[in-house]
Amino acid sequence: METESEPYVRLASLRQLHQVMADMNTARSLADTLQSVADGAVGALGYEMAAVNLVRPDGDLVVAAFSGNSAAEALITGRVGSRESWERRLNMGERWGDLVFIPHTEGWVLDDDDVPQWYTDGPEPRFEDEWHPSDRLFAPMYTPGVQGGSSGELLGVISVDRPRNGRHPGAWGREALQMYAFQAAIAISNARLRANMQRALVRLEREQQALRASEESFRQAFEYAPSGMAIAEMGGDQHGRILRSNDALCRLLGRPASAMRRYSFADLVHPEDIGTLLRTSAEGGRAELRLGRRDSTYVWVSLRNSVVADAADGPRFLLTHVEDIEERKRRELQLAHRASHDSLTGLPNSAELRSRLSARLCQRPAHAGAVESLDAAYGHPAFDTPAGPAHDAPAGHGFDFTPGAEAYDAYDHHVHTAAPEDDRDDGAKGLAVLFCDLDGFKSINDRFGHNAGDAVLIEVARRLSRGVRDGDTVARLGGDEFVILADGLGRADAQDLAVRLRNEIIQPIRAEGRAVRVGASFGIGWAHCGMTADEVLKSADERMYIEKRSRPKQHRRAG
């Protein structure tokens with residue numbers, strides 16, 4: 001650099017300094033930028049050695065670049081000095097604007113601290129502004145913003161040594177170093193920003209590659225999944241509309257993908273399963289229901305929903321997994337049927353009969369006496385009868401304050417079953433229970449074997465089922481005993497039904513290659529609320545035995 005005695009700075013030096021700053025700002029990496037800063041201090045500012053000390057994330061400073069002396073570069077590059085030691089240096093010595101100059105007369109106290117340094121001894125200066133080998137000059141670099149960077153955040157420190165002219169820098173040299181440090185801070189900040197941007201771009205590219213790979217994996221998993229998959233809209237007017245379906249779902253429902261996009265699951269679900277679908281939570285909900293196929297049949301499926309977000313704040317979709325459970329449902333229905341039906345005849349068994357009968361009967365409540373007292377007091381029957389429905393409580397006598405109020409509630413919420421009056425055909429109708437016992441069945445088993453007996457039971461079951469109305473129940477109670485539940489019959493209707501069924505049964509039955517006959521005895525009981533299922537069956541059974549004993553023995557035999 002030119003001496004201070006010169007009245008002007010040579011144009012070549014300015015051009016050299018300009019080129020150095022351009023190199024700093026066009027370096028390809030942060031490391032290149034730091035080395036350009038160190039090289040520029042030597043090449044353009046006229047110092048024999050320069051080091052760039054960069055603040056690390058932990059606050060300490062590392063020697064990030066060195067220029068001018070290969071031995072010193074090998075010794076101190078990469079070494080770290082504590083922030084505390086650096087703060088001590090920057091707070092002592094002489095202040096030359098933003099620069100800090102520590103003369104050899106004061107710097108000896110720093111010889112043993114932990115800041116990496118290169119220094120040599122030398123003779124005392126011969127004149128006042130002569131540079132001593134132990135003099136130290138630091139140019140702090142602050143984050144760009146305000147020139148006079150003491151108000152900014154410390155970015156690093158440029159340390160220079162041994163001006164080539166052997167003198168302390170004058171006003172122009174100090175200003176040049178201070179300006180150089182300011183421009184170096186900008187270049188380093190920009191280089192860091194570029195490095196961060198490059199890392200971000202690399203990370204973004206990797207994330208995009210991972211996203212593309214994930215999307216491709218999802219597409220393949222979706223398309224080639226062995227079970228049905230669909231993506232549907234979530235929310236809005238088109239909630240539940242199918243946007244995309246895989247091959248497995250299209251095959252399961254027998255519908256092409258183009259047709260599937262015209263539907264939502266609500267359009268495809270069985271009418272009886274609409275409630276199940278609506279009760280299913282959209283977020284993570286699952287249900288077992290039936291979906292309609294193109295051929296108008298239905299298939300049982302397990303439907304499970306998951307919510308998928310298209311972006312951080314973008315629209316959400318339903319990813320629906322549809323699994324074919326038709327075979328499992330068929331097995332479940334078969335098991336349920338076996339548990340409730342007779343294995344030989346296929347009729348409802350004793351347990352199912354009692355369940356259906358009990359469902360029609362409400363039990364007599366614990367406060368039945370209180371109910372009867374209220375009936376007597378207010379003239380309001382506690383039961384619905386064919387003659388008239390139960391009445392509300394009389395004015396001034398609220399249910400909450402009368403004994404047996406809960407009994408009224410129990411009866412009022414049930415369609416009560418009542419029997420016709422005994423020995424009168426007054427047109428009243430009720431639930432008839434016909435208890436059927438086969439006559440002469442034991443002799444068939446004894447003479448022709450159990451296979452013949454089983455064939456007779458199967459045929460009797462078929463004839464009984466054929467002889468009743470839709471909605472009536474024919475059940476096998478056990479052995480050769482059958483029960484028919486027929487609702488809405490009067491006394492004469494029930495007797496006519498028993499006669500018709502008896503006439504059906506006594507017709508010859510083909511069993512084991514021969515024709516056999518059995519007779520049948522019927523007892524007619526009536527179910528009404530307040531009775532248990534066993535009480536109703538016992539009543540019909542007793543009437544059946546009365547009817548059996550009243551008939552001549554020869555009329556009860558069969559062969």
Side-chain angles (χ1 to χ4, degrees), residues 342 345 347-364 368 383 385-386 416-426 428-445 453 456-457 460-461 463-465 467-469 472-506 518-558:
D342 176 51
T345 64
L347 297 177
N349 60 18
S350 175
E352 177 67 11
L353 170 67
R354 285 175 166 79
S355 175
R356 294 186 186 186
L357 185 53
S358 297
R360 292 297 315 276
L361 304 172
C362 62
Q363 297 301 305
R364 193 170 182 81
F383 304 94
T385 67
H416 300 290
T417 300
E421 294 292 334
D422 289 341
D423 303 325
R424 289 191 305 173
D425 189 4
D426 56 1
K429 299 182 184 296
L431 176 58
V433 181
L434 282 67
F435 198 107
C436 172
D437 181 79
L438 299 184
D439 301 328
F441 177 74
K442 183 177 182 301
S443 65
I444 293 177
N445 268 340
V456 169
L457 292 175
V460 169
R463 294 180 181 183
L464 290 174
S465 299
V468 299
R469 304 165 302 175
D472 291 345
T473 294
V474 178
R476 183 185 178 197
L477 193 61
D480 60 348
E481 295 178 334
F482 299 84
V483 173
I484 297 95
L485 303 182
D487 200 4
L489 298 186
R491 188 168 298 278
D493 298 330
Q495 292 170 350
D496 290 343
L497 176 60
V499 171
R500 284 190 289 104
L501 294 178
R502 183 185 296 114
N503 291 337
E504 287 285 335
I505 292 172
I506 64 175
V518 291
S521 298
F522 282 86
I524 303 174
W526 297 93
H528 58 79
C529 290
M531 297 178 69
T532 65
D534 286 337
E535 289 173 344
V536 174
L537 294 175
K538 181 180 179 182
S539 172
D541 185 26
E542 290 173 349
R543 293 177 182 270
M544 184 274 298
Y545 275 106
I546 293 173
E547 196 267 346
K548 184 185 289 285
R549 288 194 296 268
S550 68
R551 295 166 56 211
K553 186 174 183 180
Q554 62 270 24
H555 292 169
R556 292 183 273 119
R557 295 179 61 87

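The figures that follow rest on heavy atoms only: side chains count, while hydrogens, waters and symmetry mates do not. A quick note: this is a predicted structure, and the numbers were derived from the prediction, not measured.
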If you take all heavy atoms of Ile524 and Ala498, which pair is closest and at what distance?
-> CD1-CB, 4.3 Å
Those residues at least two apart in sequence (or on a different chain) that pass salt bridge (charged side-chain N to carboxylate O under 4.0 Å, His left out) with Asp472 are Arg469
Do Asp496 and Leu489 come within less than 4.5 Å of each other through their side chains, counting heavy atoms only?
-> no
Do Thr345 and Val460 have side chains that get closer than 4.5 Å, going by heavy atoms?
-> no
Check against side chain to side chain contact (heavy atoms under 4.5 Å, CB included), Ile505 and Cys436 | CA-CA 11 Å; Ile505 292 172; Cys436 172; 4.1 Å; yes
Test log, rule side chain to side chain contact (heavy atoms under 4.5 Å, CB included), inputs Thr532 and Leu361 = CA-CA 7 Å; Thr532 65; Leu361 304 172; over 6 Å; no
Give a yes or no on whether the backbone of Ser355 and the side-chain of Ser358 come within a donor-acceptor separation of less than 3.5 Å.
-> no
Is there any salt bridge (Lys or Arg N to Asp or Glu O under 4.0 Å) pair reaching into residues 518-541, and which pairs are they, with sequence neighbours excluded?
-> Arg354-Asp534
I would like to know whether Val518 and Asp480 meet side chain to side chain contact (heavy atoms under 4.5 Å, CB included); could you show each step before the answer?
-> CA-CA 11 Å; Val518 291; Asp480 60 348; over 6 Å; no
Heavy-atom nearest pair, Ser465 first then Leu347, reads OG-CD2, 3.4 Å
May I ask you to test the Phe522-Leu497 pair for a side-chain heavy-atom distance under 4.5 Å?
-> no
Who are the side-chain hydrogen bond (donor to acceptor under 3.5 Å, both in side chains) partners of Asp437, not counting sequence neighbours?
-> Lys548
What's the spacing between Glu547 CD and Phe435 CZ if we round to 0.5 Å?
-> 12.5 Å
At what distance, to the nearest 0.5 angstrom, does CD of Gln495 lie from CZ of Arg500?
-> 12.5 Å
Note, Leu353 side chain near Pro348 side chain (heavy atom, < 4.5 Å) | no
Measuring from Arg463:CZ to Leu501:CG, what's the distance to the nearest 0.5 Å?
-> 12.0 Å
Heavy-atom distance under 4.5 Å between the side chains of Leu537 and Leu357, does that happen here?
-> yes
Return the set of residues passing side-chain hydrogen bond (donor to acceptor under 3.5 Å, both in side chains) with Thr473 (not counting sequence neighbours), or none when no residue passes.
-> Arg356
Heavy atoms, side chains only, cut-off 4.5 Å: are Val483 and Leu434 in contact?
-> no
Salt bridge (charged side-chain N to carboxylate O under 4.0 Å, His left out) partners for Glu504, two or more places apart | Arg466
Can you see which heavy atom on Gly490 is nearest to which on Trp526, and at what distance?
-> O-CH2, 3.5 Å
For residues Arg360 and Leu485, determine if any side-chain heavy atom of one lies less than 4.5 Å from a side-chain heavy atom of the other.
-> no
Rounded distance [0.5 Å steps], CG in Asn349 versus CG in Asp342 | 7.0 Å
Partners meeting salt bridge (charged side-chain N to carboxylate O under 4.0 Å, His left out) with Glu481 (sequence neighbours left out) = none
